[in-house]
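Counting starts at 1 for both ligands and their atoms, in listed order. In what follows, every heavy atom counts, from backbone to side chain, and hydrogens, waters and symmetry copies are set aside. Quick caveat, the model's predicted, so the values are computed rather than measured.
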Amino acid sequence: MKIQYPKGMQDILPSQIGMWQALESLCRDISARYGYKEIRTPILEKTELFVRGVGEGTDIVGKEMYSFVDQGNEALTMRPELTAGVARAVLQHSLMELSGTQRLWYYGPLFRHERPQAGRYRQFYQYGVELLGSPYPESDVEVIQLAYDLLCGLGLTEFSLKINTLGNAHSRQAYRDALTAYLTPLSDKLSEESRKRLAKNPLRILDSKDAGDKELLRDVPRFGDFLDEESRSYFDAVQQLLAALGISFFISDKLVRGLDYYSHTVFEFSTTKLGAQDALCGGGRYDGLFTQLGSHKPVPGVGFAAGVERLLLLLAEEQLSITQEHLPDFYLISLGDEARVVVQKLARELRKAGTVVLTDLRRRALKAQMKEADKLQARTVVIVGEEECNAGIVRVRNMATGEQSECPVETAASHLLSL
Ligand code: HAM
């Protein structure tokens, strides 16, 4: 049997790469417009980074990590997300000391051992940003705005923005206690998954997909009632700014997100067009992460990450194309040994001038080469055979009009470039 890729992973084939590249280039442009600089961190990190950063009670750390002990007895993990790695790098290189505000973006593959389904993979790509150094709501809104601009820049319309607040540590603790007290007597009725979460991560029960859990959660205490003054006014300010910018949103008090590091604002852009895997992009504020990772000083941070495959699926669903094809400017046909030399030299000159040039490398007959030029949608075809070599010319065919002309071989490059 032929070997296939591992379950939940995919190849990105040449026919698909155009849209991947176009999307990455849009991410790059938008990041630059907001003054964000790219950061690249290793795909492997020490396992401890995610245990401490993302949190032991999370699904990611509890059951989805690709972890192993290497030959040097080091416990390593293939990164399941990038925020912890970026924070680690910022601390390791003292970047906050170089500049009190860090605006960073990243793009790359991540690994989570989840059950694969449409829109959910074991290797997937994220584009994301992290804004470090500001504890103020305008920075939450800056990153939300950036995500919004990305989605709009792609031409997408079928999405909406959900926001919520997890408050400061004090409000969160008060709510966690109330939630645990409310759910503990009902624990027999909770799904197995939620029962496990009750002890470790009760907030996650709020976004359970189980129908029975949903019923039990109907009259659950509301987070809003446990927010203190600071948490409430922070969230109000985020909403006011979003409204001032004309970014529509709705508040979802069940949005808690799957990672432990969040405080205050959390948000998700989701779509109804992709079935169960509806989250396009998620993020929030994480003021406690750096101290969790051993920083002496707290570093306020906020960011998001978007799932690249899901953006591409939604583009297809909305019948939008972002691909910029590099169609050949010239297809050079050669017939015979002498012509092949002429064509290789001409191709070199034309490529040096920045045009896209293809030649036949299978020494096929004129008809087959012509057919390929047509298939590749070459703009201009140049024909050099024995007869042309003897006459010191090349033949030029405009593929759109079918018009044919000839020009001396010495001036062929400049003539072709002037077309
Ligand atoms: P996350 O919600 O785990 O957040 O992932 C962000 C996005 O990655 C999701 O909204 C989804 O589009 C995509 N994604 C996640 N898992 C998969 C999967 N198995 N297959 C395909 N796509 C997937 C984070 O990772 C946080 N680090 C985001 C963040 C940055 N928060 C603050 N800064």
Side-chain angles (χ1 to χ4, degrees), residues 7-10 12 23 27 36 39 41 45 49-50 53-55 58-61 63-66 78-88 90 102-132 139-140 142-144 146-147 150-151 154 156 159-164 166 204 207 255-271 273-290 292 299-315:
K7 202 170 159 194
M9 314 221 165
Q10 333 182 65
I12 303 166
L23 178 53
C27 293
Y36 284 63
I39 182 161
T41 59
E45 294 275 3
L49 173 70
F50 303 112
V54 176
T58 62
D59 283 353
I60 294 181
V61 173
K63 48 188 187 192
E64 294 170 1
M65 295 207 300
Y66 282 88
M78 296 175 74
R79 61 187 188 194
E81 65 101 51
L82 263 148
T83 310
V86 168
R88 195 260 319 128
V90 166
Q102 291 287 334
R103 287 184 165 93
L104 305 167
W105 70 272
Y106 49 78
Y107 184 101
L110 305 163
F111 303 84
R112 293 184 193 173
H113 197 277
E114 295 191 81
R115 199 166 45 78
Q117 61 181 82
R120 185 162 74 191
Y121 312 97
R122 290 182 173 172
Q123 174 175 333
F124 60 97
Y125 285 73
Q126 278 185 351
Y127 159 71
V129 309
E130 310 295 354
L131 167 51
L132 306 174
S139 48
D140 306 41
E142 177 170 300
V143 301
I144 294 175
L146 199 159
L150 171 69
L151 300 177
L154 288 167
L156 296 171
F159 64 84
S160 60
L161 168 63
K162 270 185 286 197
I163 62 170
N164 191 22
L166 301 182
R204 281 307 308 280
D207 67 4
L255 176 68
V256 289
R257 311 252 320 123
L259 304 94
D260 271 0
Y261 46 60
Y262 293 114
S263 55
H264 288 293
T265 320
V266 285
F267 62 92
E268 241 166 51
F269 285 91
S270 56
T271 177
K273 297 284 165 184
L274 295 183
Q277 301 310 310
D278 61 352
L280 297 170
C281 165
R285 174 161 286 282
Y286 48 86
D287 292 348
L289 176 63
F290 277 72
Q292 197 75 21
V299 176
V302 58
F304 75 83
V308 173
E309 289 82 356
R310 292 189 192 172
L311 294 179
L312 294 174
L313 285 171
L314 186 57
L315 281 167

Hey, what's the ring geometry for Tyr127 with Trp105, parallel, tilted or perpendicular (30° and 60° as the breaks)? tilted

For the residue pair Thr271 / Arg310, report whether a side-chain donor-acceptor contact shorter than 3.5 Å exists. no

Please work out which of the three classes, parallel, tilted or perpendicular, describes the rings of Phe111 and Tyr66, given edges at 30° and 60°. perpendicular

Closest non-hydrogen atoms of Arg257 and Phe267, given as atom of the first, atom of the second and distance, are CD-O, 3.8 Å

For ligand 1, what are the residues with a heavy-atom contact below 4.0 Å? Glu81, Thr83, Tyr106, Arg112, Glu114, Gly119, Arg120, Tyr121, Phe124, Gln126, Glu130, Arg257, Leu259, Tyr261, Tyr262, Ala279, Leu280, Cys281, Gly282, Gly283, Gly284, Tyr286, Gly303, Phe304, Ala305, Gly307, Arg310

Between Thr83 and Tyr286, do the side chains contain a donor N or O and an acceptor N or O under 3.5 Å apart? no

Please enumerate all residues that pass side-chain hydrogen bond (donor to acceptor under 3.5 Å, both in side chains) together with Gln117, with sequence neighbours excluded. Arg120

